[in-house]
Amino acid sequence: GRQGYRAGRDRIYNMLDKVSGVTPKIDVERGKYFTESMKETEGEMLCLRWAKALAHIAKNIDIYIDENNLLVGRAGAKPGRYGILFPELDGNIYEAALKGLKERAESPFDYDEEDARVMVEEIAPYWEGKTFFEDLTKALPKETYDLTYDQEDAMKSTYIVNETASFRSSIQWVHDYEKVLKVGFKGIKEEAQAMLDALDPLSPVDNAKKRPFLEAIITVADAIVLWAHRHGDKAREMAATTEDQNRKQELLDIADRCYRVPEFPAENFRDAVQSQWFTQMFSRIEQKTGTIISNGRMDQYFYPFYQADKEAGILTDEEAMELLECMWVAMAEFVDLYISPTGGAFNEGYAHWEAVTIGGQTPDGVDATNELSYLFLRSKQEFPLNYPDLAARIHATSPERFVVEVAKTIKEGTGFPKLINDEEVVPLLLAKGAQFEEAYDYAVSGCAECRMPNRDTYTSSCAYVNFASALEMVLYNGKTVHTGDQVLGLETGNPNNFSTFDEFMAAYNKQTENLLKHAFIQQYHIIRLRAEHFATPLGSSMHKLCMANNIDLHQPNIPGGIDLGYFELMGYGTVVDSLAAIKKLVFEDKVLTMQEVIDACKNNFQGYAIARQYMLNAPKYGNNDTYADAIAKEIDKRAVEFTRAYSDELGVQLDLRLVPFTSHVPFGKVVGATPNGRKDTMPLSDGSSPTQGMDVNGPTAILLSNYKSKNYEYRNRAARLLNIKFSPNCLAGDDGTKKLVDFIRTWCDLKLWHVQFNVVNRETLVEAKKNPDNYRGLIVRVAGYSAYFCELSPDLQDDLIARTTQDAI
Ligand code: 8X3
């Protein structure tokens with residue numbers, strides 16, 4: 001339990017106790033004021049409209065200051081956990097979506113009746129016919145549409161070629177917060193003003209394109225400063241009426257700070273943290289970013305302030321941690337609200353993970369670890385909240401002390417920090433066109449992605465492609481068990497007629513190629529439509545290339561930018577194991593016929609217990625078994641080859657990614673039983689992890705399989721998520737720490753992109769599912785993030801229980 005952690009953290013727990021376990025509520029203010037303003041500005045340039053809408057919000061939104069917090073800045077006035085509305089995405093589905101919202105198993109939300117009325121009567125009508133979602137559904141050609149949306153209800157996904165663009169305006173992103181700390185929004189405004197003054201008054205492009213962009217930057221800079229000042233006014237008001245002399249002084253200090261930052265450069269650590277917080281909160285108001293806006297390299301850009309204040313004797317480590325922990329709790333209060341059921345299914349457990357990066361290398365390529373990196377780890381050890389999502393960058397020369405502290409933190413069992421490998425990421429970024437100093441300075445973003453905040457320019461959300469469905473389409477000649485008679489895939493022929501495994505593979509490759517084709521068609525329309533629907537003046541104001549070119553970050557083709565997108569290969573382990581089983585059992589050992597495999601799967605193994613046992617015993621990915629790993633490598637290769645061939649014409653590098661969030665659960669629900677022995681509707685394997693429970697050769701074998709299944713000669717690859725679960729016993733004591741440190745070093749040597757750990761006994765999870773009240777504080781690592789186990793749906797809880805627990809390294 002949390003009891004032991006409370007000592008010396010009264011302030012933090014006073015805030016946290018109010019929100020723990022409380023169902024979040026919808027706060028309608030953002031949606032309401034955004035809509036009011038958008039009504040008034042039709043016809044103007046989108047980026048300027050967005051800035052004006054933000055100014056309208058800044059002026060009118062209720063200012064709420066928590067009675068304990070040292071940081072101020074909220075995106076809504078409701079106390080407790082709250083989520084806000086982005087009607088520009090899906091305002092047209094409010095009435096229908098509200099119906100199931102309180103009851104749904106995945107991340108339910110509460111709302112007041114009056115707020116529901118505002119949503120349906122005041123917000124929704126304006127967006128009817130104008131949302132991104134509606135335009136996208138209209139734009140997709142029929143075949144693509146059929147593979148994307150449920151035939152009866154477009155609000156539901158087929159989970160075959162799943163678009164994620166209609167429930168967020170941008171994928172994960174990291175701002176250059178350092179710029180704000182250094183020059184303030186006053187500096188940003190002056191930069192825009194100088195460019196405005198220098199425009200050619202006769203030039204059509206300068207007038208029609210650059211001028212409104214620069215006006216938008218000035219408008220948004222004024223808006224965030226106004227919003228901060230209003231917090232200052234509120235803090236002063238509260239100070240005037242409070243009896244508590246301590247709090248009075250705190251509030252007066254807060255007020256002073258709100259009048260100083262983010263308008264002016266930060267003068268000290270406290271300024272820097274407040275300035276960053278205002279910026280990330282206003283950015284959350286600006287748009288819905290996948291997994292919420294990430295925090296970048298906090299141990300780097302806060303460090304000069306921390307160091308100077310410590311030297312001046314005006315900051316202790318305890319004070320620094322208290323301030324940061326105020327931020328962690330405020331993050332926990334803001335919940336990433338997905339109105340659409342598909343969005344909810346992607347983000348179970350109120351998932352949001354505004355990644356904070358620590359460690360790694362400096363722009364000149366030496367170790368970047370500093371005292372602040374250790375303070376973040378200490379805060380995580382002493383205050384194990386599931387926010388922020390802490391990510392440690394590891395490289396060949398990471399200091400031993402750092403890796404040991406990382407290992408100790410992981411042993412606490414909350415899944416933090418996740419690890420990202422510089423030895424894999426840096427060369428890939430270089431291959432994609434970055435300079436050394438940019439690549440070394442990358443920040444972790446979202447689950448397992450990376451950003452170079454002044455060089456990356458791609459924000460379109462991308463497709464999740466169900467490779468297990470492609471497999472079914474081979475077995476059933478274009479159909480799947482759950483979509484019945486409809487031929488959604490290609491008719492690749494009766495599989496009984498395949499005389500070799502190569503023929504089977506060729507059919508499988510055709511099916512996946514077809515799904516990828518439609519995913520890329522989807523992407524073509526998404527890129528085009530996004531530019532007409534979304535703008536991000538605040539985000540653009542912090543981006544060098546947007547400022548230099550006077551262009552909004554949501555526009556395609558920003559000169560000098562590197563466009564890194566992705567597509568998601570869903571069900572990697574499931575498919576590899578199924579293909580291995582078919583190859584071995586049908587074509588090599590000939591112990592089953594193809595028809596028997598098909599019948600067994602169609603009947604969910606009812607009456608086929610022996611056939612299923614054969615399938616379960618066939619070679620499995622994740623065991624350092626070349627038989628399965630070679631198939632894994634072939635599948636990976638096909639996918640990177642496809643994107644190498646077709647990315648260029650889309651103007652973006654759509655890299656192969658294996659990062660499912662929690663979507664391997666809903667993707668599994670549409671897939672019938674598979675030849676690896678997986679039963680109907682069960683979750684697919686997650687990311688690049690082995691199939692749940694099928695990795696039996698220990699954790700090093702998992703690493704080796706992962707290594708052997710990659711195609712290192714291609715640059716068209718990105719994050720590969722890898723979950724490993726250890727029993728606490730296996731990592732106990734100093735010995736256990738040492739084993740984990742060695743394991744991390746091995747992972748780094750093998751150039752694997754990502755790894756994260758659960759340290760928990762299976763029995764604990766089983767108990768927690770049965771008696772949630774005794775385990776409210778139990779945090780587990782789900783996908784790229786951690787969540788409270790008791791807030792996950794039963795299906796996802798079962799999935800976590802089913803993952804193999806490694807008892808020995
Ligand atoms: C996954 C986040 O936004 O790139 O970590 O899909 S996103």
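Atoms within a ligand are numbered from 1 in the order they appear, just like the ligands themselves. We number each residue from 1, following the sequence as shown.
Side chains of Asn716 and Gln653: a donor-acceptor N/O pair is absent below 3.5 angstrom, by distance only. Under the 3.5 Å distance criterion, with hydrogens and angles disregarded, no donor-acceptor pair is assigned to the side chains of Glu354 and Thr291. Side chains of Gln523 and His525: no donor on one and acceptor on the other come within 3.5 Å.
Taking the ring centroids of Phe520 and Tyr646, they lie at or beyond the 6.0 Å cut-off.
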Starting from the N and O atoms of ligand 1, find every protein N or O within less than 3.5 Å and list the pair with its distance.
residue, atom, partner, partner atom, Å
ligand 1, 3 (O), Arg168, NH1, 2.9
ligand 1, 3 (O), Gln172, N, 2.9
ligand 1, 4 (O), Gln172, NE2, 3.0
ligand 1, 4 (O), Arg657, NH1, 2.9
ligand 1, 4 (O), Arg657, NH2, 3.4
ligand 1, 5 (O), Cys447, N, 2.7
ligand 1, 5 (O), Glu449, OE1, 2.5
ligand 1, 6 (O), Arg168, NH1, 3.1
ligand 1, 6 (O), Arg168, NH2, 3.0
ligand 1, 6 (O), Tyr464, OH, 3.4
ligand 1, 6 (O), Tyr566, OH, 3.2
ligand 1, 6 (O), Arg657, NH2, 3.1

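With Tyr714 as the aromatic partner, Arg717 does not meet the cation-pi criteria of under 6.0 angstrom to the ring centre and within 45 degrees of the ring axis.
Electrostatic pairing of Glu333 and Arg74 counts as a salt bridge here, judged by a charged N lying under 4.0 Å from a carboxylate O.
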